[in-house]
Amino acid sequence: MHSKNNIIRVKKAKRFGGEVSVPGDKSISHRAVILASISNGRCRIDGFLPSEDCLSTLGAMRALGVQIDVLGENDFGSDELMIHGRGLNLTEPKSDIDCGNSGTTMRLLSGILAGQQFSSRLIGDESLSTRPMERIVSPLGAMGCKISTEGENGCAPLSINGGGLKGINYEMPVPSAQVKSALLLAGLYAEGRTSVVEPLRTRDHTEKMLDFFQVRTDRNDNEIGIESGQMLESRDFVVPGDISSAAFWLVAASSFPNSQLMVKNVGLNPTRNGILKILVRMGAYVSESVETNSGGEETGNVTVQGGKLKGIEISGDIVPNIIDEIPIIAVAAALADGKTIIKDAAELRVKESDRISAVAENLSKMGADLQETSDGMVINGGNQLQGTELKSFGDHRIAMAFAVAGLFASGQTIITDAECVSISYPNFEEHLIRMTSATSKASEHPIPVITSFPESNSSN
Ligand code: S3P
């Protein structure tokens, strides 16, 4: 496999496996930079993901007057940072803040900017400028912030004239960790108590990290509350590996007969590890061991032994937990025996691309048998996939999911516009080459005992 001129070319793999440490978690990296910036002192962040999305957050915090020093670099960027926290009050930016492709940057930052005594304007790239922002504009407006969208249909650019916030109780119409996080952050600046009710449980990194920084939030079922006037105590933080990046390798190994894979130091937060449960329900041999608890985030190793997967139904509570993994799960389903039904995932239509139609188009082009539905798809797995030329739709997770599909397809698979992988996984190709090469360390790490989650019929 190689990429040239932003193209990834993949041939059918003869082997797959080994040991890999994936780069830092994207969601946690954003939050580490934002929370450290508004803490009361210096915070060292290790394992930061220097991908384009997280660099957008880093650039934004610098534009808001936060000093961020680079202490160390790995092969693909700066992963050790010293953040000089400013406390809750930031400095008015000199120009528009560019959030690039990152919805997390735009939505979380809006929560902080809503509490500032100055005006700011947030812009994004073409994709981000078509994503729904009313979902934060409406509740932040209800808290008293003067916030509006300048784009069509409630899209960016966003103008924010902060200050004068009052706590509200908000029932989110869609499950979204970004909206929940924006409101909890705004709650730090609001008078009284702010609370958010989520219709389904979403990732809880913000709550965990606030707790780590000594800010109290409380949870009562699906309601999370925060009292204003709390100061974040500066702390050093280690970002675990990103399970959403690991998912590409976990699916490849699970679907590849006799492969053995170990992913090390990966985040295993229960609101994010649904991919492991899905693979077990599909018949994979998966073992998970939590080794540390870094800043409140469970971190450990995952081992997988390859075999033949089977189709399942995916719907309900687990969907927010695996929302970013559904493109690669759909690839697993196309490789599996039998029918997979994916439901309740309409949110995929408003991600970096319309991921339902992008996945359906690419899998169909490869010869898979599937039907797109309004909130998911039905995949009849087991057809031999054919290599062909596929678009990434400018979406990192689509590019990587179909690079993995190419490992199982006859002939050659070409992904165009693949430079977008650097949004979340700058060294994706290097890892793919390593895990498909003869020198991969798979045989040095035999998996002695295979344990797995109990077989269950529930969608959880
Ligand atoms: C994220 C939450 C999810 C996810 C995104 C990252 C976060 O989005 O899809 O990639 O870091 O909070 P929503 O909150 O829109 O569901």
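Counting starts at 1 for both ligands and their atoms, following the listed order. Not measured: the values here are computed from a predicted model.
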Results of salt bridge (Lys or Arg N to Asp or Glu O under 4.0 Å) for D211 - residues two or more places apart only:
none

Atom 10 (O) of ligand 1: which protein heavy atom is closest, and how many Å away?
D324 OD2, 2.8 Å

Suppose I only count heavy atoms of S176 and a 4.0 Å limit; which atoms of ligand 1 are within that range?
13 (P), 14 (O), 15 (O), 16 (O)

Are F248 and H431 close enough that their ring centers fall under 6.0 Å?
no

D204 with R219: basic N within carboxylate O range, under 4.0 Å:
no

Closest by any non-hydrogen atom to atom 13 (P) of ligand 1: pick that one out of K351, R31, E325, E347.
K351

Select one of side chain, backbone, both or neither to describe which atoms of H205 lie under 4.0 Å from any atom of ligand 1, heavy atoms only.
neither

Sequence neighbours excluded, the answer for ring-ring contact (aromatic ring centres under 6.0 Å, His included) partners of F213 is none

Numbered atoms and elements of ligand 1 in range of I323, under 4.0 angstrom, heavy atoms:
9 (O)

At what distance is the nearest protein heavy atom to atom 1 (C) of ligand 1, and which residue and atom is it?
Q178 NE2, 3.5 Å

In a check of salt bridge (Lys or Arg N to Asp or Glu O under 4.0 Å) between D242 and each of R272, R397, K26, which one passes?
R272

Decide, yes or no, whether a salt bridge links E80 with R44 under the criterion of side-chain N to carboxylate O below 4.0 Å.
yes

Within the 4.0 Å heavy-atom shell around S27, which atoms of ligand 1 are there?
1 (C), 6 (C), 7 (C), 11 (O)

